[in-house]
J.: 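Before I ask anything, here is the structure I am working with.
Side-chain atoms are counted along with the backbone in the values below, which use heavy atoms only and exclude waters and symmetry mates.
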Amino acid sequence: MSDQPIDQPTDPYFEQALSIVLVEDNATDAELTIRALRRSRIGNNIKLLEDGAEALDFFFCRGEYAHRSMTNQPKVILLDLKLPRISGLEVLRQLKSDPRTQMIPVVVLTSSAEDQDMIESYQLGVNSYIVKPVDFEQFNQAVQQLGFYWILFNQLPVL
């Protein structure tokens, strides 16, 4: 999978409003998640980030994402916990401790059903914690429902 926004020009200075940022290192899980969101016909701009370091650079406009505007943040972040380079928990910790990003809803979408991961995620301020269903159809339904809720129904304050 490319780290370019899905269905967007590859011009690094083009910036369209983001709806969903998916932080997922597993290509199969990323593909299934994106397909489920597309199938629900939400039609949002989705950005895929493949590790925790890239995610932090993206959200805080550093490195290859230095051209981004901090004001162009997504409506929701779907965050895996088991990421290379920097863990999902550390990404969550940094997002929720910074006033510029703390209001962005973060949904942990992970295979980890460990109590400690769930407890720590909620202590850090996660908005929702979803264990990825193993069954394909249940996974599809779960992703579609979370997409509908966070994109269509959830209201964010205008800052």
J.: Let me confirm one number: the CD1-CD1 distance from I34 to I46, rounded to the nearest 0.5 Å.
T.: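 It comes to 5.5 Å.
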
J.: Yes or no on side-chain hydrogen bond (donor to acceptor under 3.5 Å, both in side chains) for T110 and S112, after CA distance, side-chain angles and deciding distance?
T.: CA-CA 5 Å; T110 185; S112 174; 5.0 Å; no

J.: Got S128 and W150 here, is their nearest side-chain heavy-atom distance under 4.5 Å?
T.: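 Yes - at least one pair of side-chain heavy atoms lies under 4.5 Å apart.
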
J.: Quick check for you: to the nearest 0.5 Å, what is the distance between F139 atom CZ and R35 atom CZ?
T.: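 If I round to the nearest 0.5 Å, the distance is 11.5 Å.
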
J.: Give the minimum heavy-atom separation between P84 and D25, together with the two atoms involved.
T.: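 It is CD-CB, 3.5 Å.
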
J.: Would K82 and D117 satisfy salt bridge (Lys or Arg N to Asp or Glu O under 4.0 Å), going step by step from the backbone distance to the final call?
T.: CA-CA 10 Å; K82 308 300 184 198; D117 285 341; 2.9 Å; yes

J.: To the nearest 0.5 angstrom, please state how far the CG atom of N26 sits from the CD atom of E31.
T.: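 Reported to 0.5 Å precision, the distance equals 11.0 Å.
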
J.: Do I130 and F136 share a hydrophobic cluster (ILVMFWY, side-chain heavy atoms under 4.5 Å, transitive)?
T.: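 Same cluster.
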
J.: Do you know which two heavy atoms are closest between N140 and A36, and how far apart they sit?
T.: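 What the structure gives for the nearest pair is OD1-CB, 3.1 Å.
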
J.: Is there a path of hydrophobic side-chain contacts, each under 4.5 Å between heavy atoms of I, L, V, M, F, W or Y residues, that connects Y149 with V107?
T.: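 Both belong to a single hydrophobic cluster.
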
J.: Calculate, to the nearest 0.5 Å, the distance between atoms CG and OG belonging to D29 and S111 respectively.
T.: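 Interatomic distance, D29 CG to S111 OG, rounded to 0.5 Å: 7.5 Å.
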
J.: Does the side chain of Q94 reach to within under 4.5 Å of the side chain of D98, using non-hydrogen atoms?
T.: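 In short, these two side chains do not touch, never coming nearer than 4.5 Å.
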
J.: Would you say M70 ends up clustered with V106 if hydrophobic residues are merged whenever their side chains have heavy atoms under 4.5 Å apart, either directly or through other cluster members?
T.: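 Linked within one cluster.
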
J.: Check D80 against E24 and note the closest heavy-atom contact, atom names and distance.
T.: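 Looking at all heavy atoms of both residues, the closest pair is OD2-OE2, 3.3 Å.
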
J.: Show the nearest heavy-atom pair for residues S121 and L92, with the distance to one decimal.
T.: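 The pair with the smallest heavy-atom distance is O-CD2, 3.6 Å.
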
J.: Ignoring hydrogens and geometry, is there a side-chain-to-backbone donor-acceptor pair from K96 to I104 under 3.5 Å?
T.: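 Yes, because the side chain of K96 sits within donor-acceptor range (under 3.5 Å) of the backbone of I104.
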
J.: Side chains of L79 and L109, heavy atoms from C-beta outward: is any pair under 4.5 Å?
T.: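 No; the side chains remain at least 4.5 Å from each other.
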
J.: For the side chain of Y122 and the backbone of Y129, is there at least one donor-acceptor N/O pair under 3.5 Å apart?
T.: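 Answer holds: yes.
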
J.: Same hydrophobic cluster for V134 and L32, using side-chain heavy-atom links shorter than 4.5 Å among ILVMFWY?
T.: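 In one cluster with V134: L32, no.
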
J.: At their closest point, which heavy atom of T33 faces which heavy atom of L78, and how far apart are they?
T.: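 That would be CG2-CD1, 4.2 Å.
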
J.: Taking the six-membered ring of F60 as reference, does the cationic atom of R100 (NZ for Lys, CZ for Arg) lie under 6.0 Å from its centre and within 45° of its axis?
T.: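 No; the conditions do not both hold, so R100 does not lie above the ring face of F60.
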
J.: Under the 3.5 angstrom rule, does the side chain of R39 hit a backbone N or O of Q144 as a donor-acceptor pair?
T.: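 Looks like no, no N/O pair under 3.5 Å.
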
J.: How far does CG of N127 sit from CG of N154, to the nearest 0.5 angstrom?
T.: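 Reported to 0.5 Å precision, the distance equals 8.0 Å.
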
J.: Looking at D57 and Y65, would you say the former's side chain and the latter's main chain have a donor-acceptor pair under 3.5 Å?
T.: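 Side chain of D57 to backbone of Y65, a donor-acceptor pair under 3.5 Å: no, none is there.
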
J.: If we ignore hydrogens and angles and just use 3.5 Å, is the side chain of E90 paired with the main-chain N or O of I86 as donor and acceptor?
T.: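 No: the side chain of E90 does not pair with the backbone of I86.
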
J.: Given R93 and E120, is the salt bridge (Lys or Arg N to Asp or Glu O under 4.0 Å) satisfied, shown in steps?
T.: CA-CA 10 Å; R93 178 178 290 107; E120 191 170 354; 2.8 Å; yes

J.: To the nearest 0.5 Å, what is the distance between CZ (R68) and OG1 (T71)?
T.: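 Between atom CZ of R68 and atom OG1 of T71 there are 8.5 Å.
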
J.: Determine whether L83 and V23 make a side-chain contact, defined as any pair of heavy atoms from C-beta on separated by less than 4.5 Å.
T.: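 The answer is yes, as the side chains (C-beta and beyond) meet within the 4.5 Å cut-off.
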
J.: Can you name the closest pair of heavy atoms from Q102 and P99 and give their distance?
T.: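 It is CD-CA, 3.7 Å.
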
